[in-house]
There are 2 protein chains.
Amino acid sequence: MNNLTEIFKEKKLKLTPQRIAVYKYLKSSKEHPSAETIYKALQPEYPTMSLATVYKALKTLVEVGLVQELNVGEGNFRYDGNICNHPHIQCLSCGRVDDIEGFCFTDLNTSIKQYTDYEVLTNQVYFYGLCKDCKNKKK
Amino acid sequence: MNNLTEIFKEKKLKLTPQRIAVYKYLKSSKEHPSAETIYKALQPEYPTMSLATVYKALKTLVEVGLVQELNVGEGNFRYDGNICNHPHIQCLSCGRVDDIEGFCFTDLNTSIKQYTDYEVLTNQVYFYGLCKDCKNKKK
DNA sequence: ATACCTGCAAAGGTTTTGCACATAC
DNA sequence: GTATGTGCAAAACCTTTGCAGGTAT
């Protein structure tokens with residue numbers, strides 16, 4: 001939350017209730033929600049906020065580096081309030097997306113250098129499988 | 001090409017000129033084209049083929065495992081005729097997508113097991129950076 | 001006071017769908 | 001001959017945009 005205030009002040013962006021709400025929601029959630037999901041979740045508390053505003057707030061937050069955009073290949077984007085570089089895993093059965101903690105792939109950028117003539121800057125690693133619940137249901 | 005014939009026969013799918021053209025194009029290309037790109041590329045030789053048919057052909061090819069779908073986070077899908085599990089890299093400047101060869105991440109599924117309660121099945125690894133051409137242009 | 005942001009509605013881009021006709025088997 | 005696939009147009013999604021009015025600084 002302090003990050004938000006500082007960075008917005010520094011970049012001369014306005015700290016509106018809508019932007020705060022979106023950021024707060026992302027910081028408190030581990031669900032990697034889509035814009036639509038965020039919009040619906042904030043609806044009760046911010047009934048007048050529009051979906052377009054959610055999209056605009058997300059774009060701004062991504063631009064200033066407070067939030068990261070994920071694309072697990074569903075045809076839409078998801079957002080993550082945790083900006084440190086960590087892999088994600090999606091359940092092929094129920095679609096939920098979880099963080100994988102304790103494993104950092106930043107060093108991969110270095111290991112991959114010898115296999116490409118690109119200047120490697122970042123990476124995204126996605127795993128796919130079956131979550132605990134869906135595994136149990138199958139039994 | 002033999003794969004295509006065999007698998008389609010086995011799954012009782014029809015081997016139409018359109019499906020063959022899409023598959024052949026993907027096998028011959030290293031560009032990881034989108035549906036639109038494939039459609040335009042095949043236009044001269046198949047002027048009556050519709051974009052919807054390209055989409056349907058791609059869906060079928062992905063379903064039977066002859067082609068893989070990529071999502072580098074552009075808001076659309078790209079397709080790859082090379083189905084073995086390899087990482088991709090996209091240029092943040094010009095948007096091109098290249099294969100990274102000589103590096104296989106299948107063993108990552110095993111190494112990641114201790115960090116998640118999912119049953120890990122597959123993964124997708126994307127790198128982002130600057131390609132040779134764009135690096136040189138900047139100088 | 002004013003530059004920036006919101007909310008609405010409309011537009012833009014990608015992918016899917018329904019249906020009549022065509023074609024691979 | 002029949003089930004499946006194609007081509008067209010329309011629809012369904014997700015995301016962006018333009019603009020008038022509102023608000024944080």
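Here is the naming used below: chain letters follow the sequence lines, and residue numbers restart at 1 for every chain. All values below were derived from every heavy atom in this structure, side-chain atoms included, with hydrogens, water molecules and symmetry-related copies excluded.
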Would you mind reading off the distance between [X] atom [atom1] and [N] atom [atom2], rounded to a whole angstrom?
| X | N | atom1 | atom2 | result |
| --- | --- | --- | --- | --- |
| B:Leu58 | C:dT14 | CG | P | 14 Å |
| A:Tyr39 | D:dT15 | OH | C1' | 14 Å |
| B:Glu74 | C:dT14 | CD | P | 10 Å |
| A:Leu61 | C:dC5 | CG | P | 12 Å |
| A:Glu36 | D:dT15 | CD | C1' | 11 Å |
| B:Ile20 | C:dT23 | CD1 | P | 15 Å |
| B:Lys59 | C:dT14 | NZ | C1' | 14 Å |
| B:Lys9 | C:dA24 | NZ | C1' | 12 Å |

Do any side-chain nitrogens or oxygens of B:Gln18 fall under 4.0 Å of OP1 or OP2 in D:dG7?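 For D:dG7, OP1 or OP2 has a side-chain N or O of B:Gln18 closer than 4.0 Å.
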Is the A:Tyr23 to A:Tyr25 ring centre distance short of 6.0 Å?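 Here the rings of A:Tyr25 and A:Tyr23 have centres that are no less than 6.0 Å from each other.
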Starting at the 5' end of DNA chain D and moving along, which residue's nearest nucleotide shows up first, A:Lys14 or A:Leu51?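 Closer to the 5' end of DNA chain D: A:Leu51.
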Between B:Ala52 and B:Leu13, who's closer to the 5' end of DNA chain D by nearest nucleotide?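 Looking at DNA chain D, the more 5' nearest nucleotide goes with B:Leu13.
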For DNA chain C, whose closest nucleotide is more 5', that of B:Arg78 or that of B:Lys56?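 Final value for this comparison: B:Arg78.
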Residue whose nearest DNA chain C nucleotide is more 5′ - A:Arg19 or B:Asn76: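 Per heavy-atom nearest nucleotide, the more 5' residue is A:Arg19.
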With heavy atoms under 4.0 Å as the rule, sort A:Ser34 into base, sugar-phosphate or nothing.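 No contact at all - A:Ser34 keeps every heavy atom at 4.0 Å or more from the nucleic acid.
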Rounded distance [0.5 Å steps], SG in A:Cys84 versus CD in A:Gln68: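 So the SG of A:Cys84 and the CD of A:Gln68 are separated by 8.0 Å.
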What distance separates A:Glu101 CD from A:Phe103 CZ, expressed to the nearest 0.5 Å?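 That separation rounds to 13.5 Å.
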With B:His88, the side-chain contact (heavy atoms from CB on, under 4.5 Å) member among B:Val125, B:Asp98, B:Asp80: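 In the set B:Val125, B:Asp98, B:Asp80, the residue that makes a side-chain contact (heavy atoms from CB on, under 4.5 Å) with B:His88 is B:Asp80.
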Measure from the side-chain heavy atoms of [X] and tell me the nearest of [options].
| X | options | value |
| --- | --- | --- |
| A:Thr53 | D:dT25, D:dA9, C:dG7 | C:dG7 |
| A:Tyr55 | D:dT17, D:dA24, D:dT15 | D:dT15 |
| B:Leu15 | D:dT6, C:dT17, C:dC25 | C:dC25 |
| B:Thr48 | C:dT14, C:dA24, D:dG7 | D:dG7 |

Spell out, as yes or no, whether a donor-acceptor pair under 3.5 Å connects the side chain of A:Gln90 to the backbone of A:Tyr128.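 Side chain of A:Gln90 to backbone of A:Tyr128: no pair is present.
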